[in-house]
Asks: 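The structure under discussion is supplied below as structure tokens; questions concerning it will follow.
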There are 2 protein chains.
Amino acid sequence: MSKRQYHHGELRNTLLDAAEVLVRENGVVGWSLREASARVGVSPSAAYHHFTSRDALVNALSVRVLARLGERMSSAAAQAAGPGVDTQQGIIAAGCAYVRWALEDPAVARLAFGFGAQDSEAMIAPHPHDVIEAELDRLVATGALNATARPGAEFAIWAAMHGLATLLADGLMILDGPEAADLQTERLLRAVLTGLTQETAPSQGRPTAHSAHTERRTRRQGNSTPDEPSATAPTRLQ
Amino acid sequence: MSKRQYHHGELRNTLLDAAEVLVRENGVVGWSLREASARVGVSPSAAYHHFTSRDALVNALSVRVLARLGERMSSAAAQAAGPGVDTQQGIIAAGCAYVRWALEDPAVARLAFGFGAQDSEAMIAPHPHDVIEAELDRLVATGALNATARPGAEFAIWAAMHGLATLLADGLMILDGPEAADLQTERLLRAVLTGLTQETAPSQGRPTAHSAHTERRTRRQGNSTPDEPSATAPTRLQ
DNA sequence: GCTTGATCTTAACAGTGTTCAGATTAAGTG
DNA sequence: CACTTAATCTGAACACTGTTAAGATCAAGC
């Protein structure tokens, strides 16, 4: 409703703010670029000088939101890891932050997860996947996790917390109260960690999985002339 | 392109078929009711005699698709469970079916997961959640899973496979080949199962979680006069 | 004060979901 | 068979959407 028509250099962020509120109010698809522009006091076409399309706005929002999640996770992990406390508390705290976020802001979480792989330019740091990797490395360093079980363990842990988060955000799973989320997360992550520690066979398949986020980073840093783009493109396997 | 204008009693299914193809071609939101109607050779408003809205069509499609997934899971579990084979093979086969489905048909999987909780009338049988519960009960019966770890274990297992499935369907995680999905699924589920078996504390929180699908079924069968609808409605906690 | 580049507006286009009054069809009744 | 009837589909219209193009407006630097 603000009638100021000229947001110099700030229209981009202001539009992202409005879009985030709209997502929270009406869901991922229950709003229009026109409505977001109107709320900011600007004509619809003004938005096209900052975003090439509505999808670009949504992608930018998902990047902003995923970065916030990564910071919440890493700070939660840092805060939980004290001297003398259970070594697993770090990654459990990160997982609880992940799941609570999906529970408290489900519409935004659905947007972030659904569009999180589509912006091939933006760099999210720290990405949730990075936080998990760092905590797992810490577990290996302290001896709490078997080094032979380390390769690929990130995906087991990530899948576990991501499954809880999306089941809750999508309303497929319902909890009795907010503290139930922490209990479920801790139980699941502890189970995965002890299960990984006691693996007998050294996981025959080696690194068979990649994170789309890590793929993008290595592609940018390493060989700038991609010889085999087919391996990195997130296309349908089958 | 079929010019037949009168699909007696079959327009509903024909529209669902067309919508499913469109989802596969253009994604969850990259198509219109009008286009689906046109492909079937019918005017847009004809669809409104079978679905109250576009969302209703999408919901019906998600119900049909989720039921197919449940059957794939249960038949995979039944086929894997033979005499003398590892007891865990049943639930692992079900999990592999779940994850492979998301990998092979990601757009349809995203639709099913995203809209799977919104249709409060339809009954999905067997629901994936049911298949998991049945397999876990079998594990307890054969002694492969500790009975004290059984309550709530369904959600740990469900979250694990659902996390893999959604990470793959959304393109956040990328696999090197189709067989990698089975390896990852088996590794993760085995870890969760052995982790659950070796739990020391009897999971303090008792049944703190529900499946939205189970909620609906018990609400329909049990007390037809719901005294406390707030506990069953999948609303946002906190 | 005037130029300049960034920023925003107005107007328009094609396409969308949805509704409603009326036409068309298939099937059953006498 | 003719005729009713209920199911089924059409056509036109409404408000709204994403997007684009040409032009107006602003903030700042020479």
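Since the structure is predicted, the reported quantities are computational estimates derived from the model, not experimental observations. Proteins come first, then strands; the chains are lettered A, B, ... in the order of their sequence lines, and each starts at number 1.
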Asks: Between R217(A) and D130(A), is there a salt bridge with N-O shorter than 4.0 Å?
Replies: yes
Asks: Send over the distance from R12(B) CZ to dT8(D) P, rounded to a whole Å.
Replies: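 Going from R12(B) (CZ) to dT8(D) (P), I get 12 Å.
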Asks: Using a strict 4.0 Å threshold on nitrogen-to-oxygen distance, state whether D182(B) and R187(B) make a salt bridge.
Replies: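 The answer is no: the pair does not qualify as a salt bridge.
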Asks: Which residues pass the salt bridge (charged side-chain N to carboxylate O under 4.0 Å, His left out) test with R68(B), sequence neighbours left out?
Replies: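 If we apply the salt bridge (charged side-chain N to carboxylate O under 4.0 Å, His left out) test to R68(B), skipping adjacent residues, the hits are E20(B).
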Asks: I need the CD-P distance between E10(B) and dA26(C), as an integer number of Å.
Replies: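 To the nearest whole Å, that distance equals 15 Å.
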Asks: Whether R54(B) engages the ring of W31(B) as a cation-pi pair (distance to the six-membered ring centre under 6.0 angstrom, angle to the ring normal within 45°) should be assessed.
Replies: yes
Asks: Over 60° means perpendicular and under 30° means parallel, so classify the ring planes of H129(A) and F155(A), tilted if in between.
Replies: tilted
Asks: Where along nucleotides 11-21 of chain D does protein come under 4.0 Å, by heavy atom, of base (B) or sugar-phosphate alone (S), with - for untouched nucleotides?
Replies: B-B---BBBBB
Asks: If I take atom CG in residue L11(A) and atom P in nucleotide dA27(D), what distance separates them, rounded to the nearest angstrom?
Replies: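 Whole-Å distance recorded here is 14 Å.
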